[in-house]
Structures are given as structure tokens and as C-alpha cells.
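Reading through the C-alpha cells given below for one structure.
As a basis for the values below, the full set of heavy atoms in this structure was taken, side chains included, without hydrogen atoms, waters or symmetry mates. Note that the coordinates shown come from a computational prediction; the quantities given were computed from them, not determined experimentally. Per chain, numbering begins at 1; letters A, B, ... match sequence-line order.
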Number of protein chains: 2
Amino acid sequence: MAPRIAARTKLLDAAAQLFYAEGISATGIDAVIAKAGVAKMSLYNNFESKTGLVMAYLEARHQEWSGLYQARLEKAGDGADGVLAVVDAYIDHAEAGYEHGFRGCGLLNAAAELPAGDPGRSIVAAHKLQVEQLLAGHLASMTTKKQAEALAGQISFLLEGAISRAGLEGNSALLLRARAMISDIVKAL
Amino acid sequence: MAPRIAARTKLLDAAAQLFYAEGISATGIDAVIAKAGVAKMSLYNNFESKTGLVMAYLEARHQEWSGLYQARLEKAGDGADGVLAVVDAYIDHAEAGYEHGFRGCGLLNAAAELPAGDPGRSIVAAHKLQVEQLLAGHLASMTTKKQAEALAGQISFLLEGAISRAGLEGNSALLLRARAMISDIVKAL
DNA sequence: CTTAACTTAGACAGATCGGTCTAGTTTGGA
DNA sequence: TCCAAACTAGACCGATCTGTCTAAGTTAAG
């Protein structure tokens, strides 16, 4: 492993845990480098600033979710199973960070800390829009285009609401409840 | 009006605007007192600490929503109109803070900044649970208890998801979309 | 008018913030 | 083996953070 990658990876891992658990502005640079076991200059050699680290964090969370989704998608097919692959990717994510305290969607939490107009918010908005479009794609083969888009919106709202509520409760129970709802909706088509 | 109340009110108003627009940890004490036009000691005479101000802020947001809901409820009846009163209270809130930049649910945004186990998160969780119970109450007269609870969960997820997504977009369009969905669901009973 | 509660402006404290810099060490590849 | 790139520890900077304190001014009720 190349050493440059090592420091950057250690920093991103440490930032991911701290940003998610404590919030972004509540997490100082010093806490990140201490957890990463890395010198402060290594942070500024790999990232332009704390803001740059935050942007990389947002990108990494998006990539992480995409990975979970792809893994679920390979085991599933298109149509109803595709829709549930999206849902299960959320559940996988929820139960992954469970022991460290599940606190909802990291991207949504990050956006909540950023002022209106911040570029980070656009990344999150784009991610959520992509999820809705993935749902619409899976639904396209099951109904009319119009209804597929309407259902994709509805399911994405259900998902986002469930993950927020589940984060407040600290466990994935409400997410499983949402999965059952979504499964019913899709199977009724 | 008693002067003691004046300072406290000015502080809560200023904190509400700044906390909502910029986030809580990104908002310093000095910014709050400057916007309130009040001396720093007035803050610490009325609140134990910044944390105390944050707690009062959470309580005030909960009360504010309850006020909007009560106003909507008086104009509406029970049953389907009661459910839509809950939804319209959200919409009223969204469009109230619209010009200053709509950024989603203030309580959910605040919770996103607080670490797991923080008492503030419990306040938010209780608020969201109450909303779901209000929905269940309105639905109780329209269907079985079991289905009323299931629908209340589904509608509360839809609402929370829609307000989060709408906050990312910066306008209330997605909330109106959710209102139409919920209206359809309730009217189909 | 007097008095006590509340207010003000602003200095001040100690801690922490993000970020820079230096100087020396480790490391991987030619 | 040697060199350049990456890494280390930690001092240091100015700004900002929450919170305390003082001293003087305002206000309302008795």
C-alpha cells in the first residue's frame, strides 16, 4: 500500500466516524488527526482545508451507499427486487454503524449543519434525487411511466422519513417497518 | 410587558433565526446577542448556558408547530381534515421561513447536530412521536385501530421524508406533492 | 423619591478553533 | 544505495469560542 493513500484513508475513516457520531462542526481538526493517528500536516497535504475534508466525506458516504446498493442489486433482479435493493442498502447502512450509535443518514445530518446555498447541500440533494431516480427506474418495468415516477417519489419520502425517525430512536426498527410498507406497495402492482 | 420577558424573547427570536439558518454549533453566542440587540449578561441571566438556550429553542419550535396545528385544526374537523391539518401545519411552517431560506424541519436539523444520547434528541424524538400519535388519533374514526396505527406511521414517514427533501431543494414544492399523496391515501378509506 | 431588580457595554479569562511552518525521520522506487 | 516524496511531532499564529466580571445606567413598583 502506498503511504500517501494510507494517511488519506486513515483520515477519511477517522473523519467518517467522528463526523457521523458527533456532528461536523462539533468535530475539530485535532480530534480527527488524533483518531487517525496522523500528523496535522498530513491532513493539509491531502486536503485543502477542513471544508475539503468535509466534501471528501460527503463524497465517500455517497460512494459507500452506492456500493451497498450495487451489492444488493447483484443478488436481486429488476422490478420489485430492485426497489427492495434500494431499501436494503439503507438498512445495511443503518445496521453497519449500529453499535457506534445509529443516528440516521450521514448525508442528511451533514446537510442539516450546512447553511442554505452551501455546495455540500447540493451534493446531498443530488444523492437523494439519484435514489429517487433509481427507484423510478426499477418501477418503470412494472407500471406506466407516470405512476412509476409518482411511486418513486412516495417511496423515497417513506425511506427518508423512516431513516430520520429511526435515527432518532437509535435503531433500525422503523426502517424495517418502512420496508414492509414499501414491499406491500410494490407487490400490489 | 415586563422587561425581563423582553430580553428573553428577543434572545429566543434571534436564536431561532440564526440556529435555523446557520446551524446551532455554527452560531456563536456573540452572534445571537448582536442580533437580539442585547448584552451578553442578559443571555446568562435568562439562560443557564448556550445549551440552555438551545433547549429553550427546541421547546419553542415544538410549541410553534403545535400552535400552527391548533390553528389549522380549528378550521378543520376530525377525520380526513384532521390528518390534513397536521400536514398543513408543516406546510405553514415551511412557507413561513421560506424567504429566509427554507431548510427543512428545525427540530430534525437540530437533532442532526447533537450526539447520540443528548437530551435534545429526546425532545425531538418525542415531538415526532406525538405527530404520529396525532395522526393515529384522527385516523381512528375512519378505520380499525390496527390500520390507523399503520397508516399513521406511513403518513408520518411520508411527511418527514418530504420535509427533509423539500429542505434540500429550498422550497415547499415536494411538501405539496406529499400532501396530495396523503390526501389520496386518506380519501381512499 | 427610593430602592431593588434588570439592563447595558465591554474588558477579560482560558480553551479551542483552523491553519502554517520548521526540522527531522521514514519510506519506496530507480 | 541514494534520492525525492511523504510522513512525523510539535511549536506557533491569530481568531473565535463560551462564560465571568465589573461598573454604570434604566426601569418599575412601593
Classify B/Thr51 by what it touches in the nucleic acid, base, sugar-phosphate, or nothing, heavy-atom distance under 4.0 Å. nothing
Q) When clusters are formed by joining ILVMFWY residues with side-chain heavy atoms under 4.5 Å apart, either directly or through shared neighbours, do A/Val86 and A/Leu68 land in the same one? A) no
Given atom [atom1] of [X] and atom [atom2] of [N], what is their separation to the nearest angstrom?
{"X": "A/Leu11", "N": "C/dG18", "atom1": "CG", "atom2": "P", "value": "14 Å"}
{"X": "B/Asn46", "N": "D/dG19", "atom1": "CG", "atom2": "P", "value": "15 Å"}
{"X": "A/Phe47", "N": "C/dT20", "atom1": "CZ", "atom2": "P", "value": "15 Å"}
{"X": "A/Tyr44", "N": "D/dC13", "atom1": "OH", "atom2": "C1'", "value": "13 Å"}
{"X": "A/Arg8", "N": "D/dT8", "atom1": "CZ", "atom2": "P", "value": "15 Å"}
{"X": "A/Glu22", "N": "C/dC17", "atom1": "CD", "atom2": "C1'", "value": "16 Å"}
{"X": "B/Lys50", "N": "C/dA15", "atom1": "NZ", "atom2": "C1'", "value": "15 Å"}
{"X": "A/Ile29", "N": "D/dC13", "atom1": "CD1", "atom2": "C1'", "value": "16 Å"}

_Donor-acceptor pair, distance only, cut-off 3.5 Å: does the side chain of A/Tyr20 make one with the backbone of A/Arg103?_
yes
Using modelled atom types and a 3.5 Å cut-off, is there a donor and acceptor pairing between side-chain atoms of A/Lys40 and backbone atoms of A/Ile29? no
On DNA chain C, more 5' by nearest nucleotide between A/Asp30 and A/Glu48 is A/Asp30
Centre-to-centre under 6.0 Å for B/His93 and B/Trp65, is that the case here?
no
For B/Tyr90 and B/Glu160, which I'm curious about, is there any donor-acceptor pair between the side chains at under 3.5 Å?
yes
Using atom names, set out every protein N or O paired with an N or O of nucleotides 8-11 of chain C below 3.5 Å, distance rounded to 0.1 Å.
from	atom 1	to	atom 2	distance (Å)
C/dT8	OP2	B/Ala39	N	3.2
C/dT8	OP2	B/Ser42	OG	2.4

Can you list, pair by pair, the side-chain donor-acceptor contacts under 3.5 Å of residues 179-187 of chain B, counting residues two or more places apart and other chains?
from	atom 1	to	atom 2	distance (Å)
B/Arg179	NH1	B/Asp88	OD1	2.5
B/Arg179	NH1	B/Asp88	OD2	2.7
B/Ser183	OG	B/Lys187	NZ	3.2

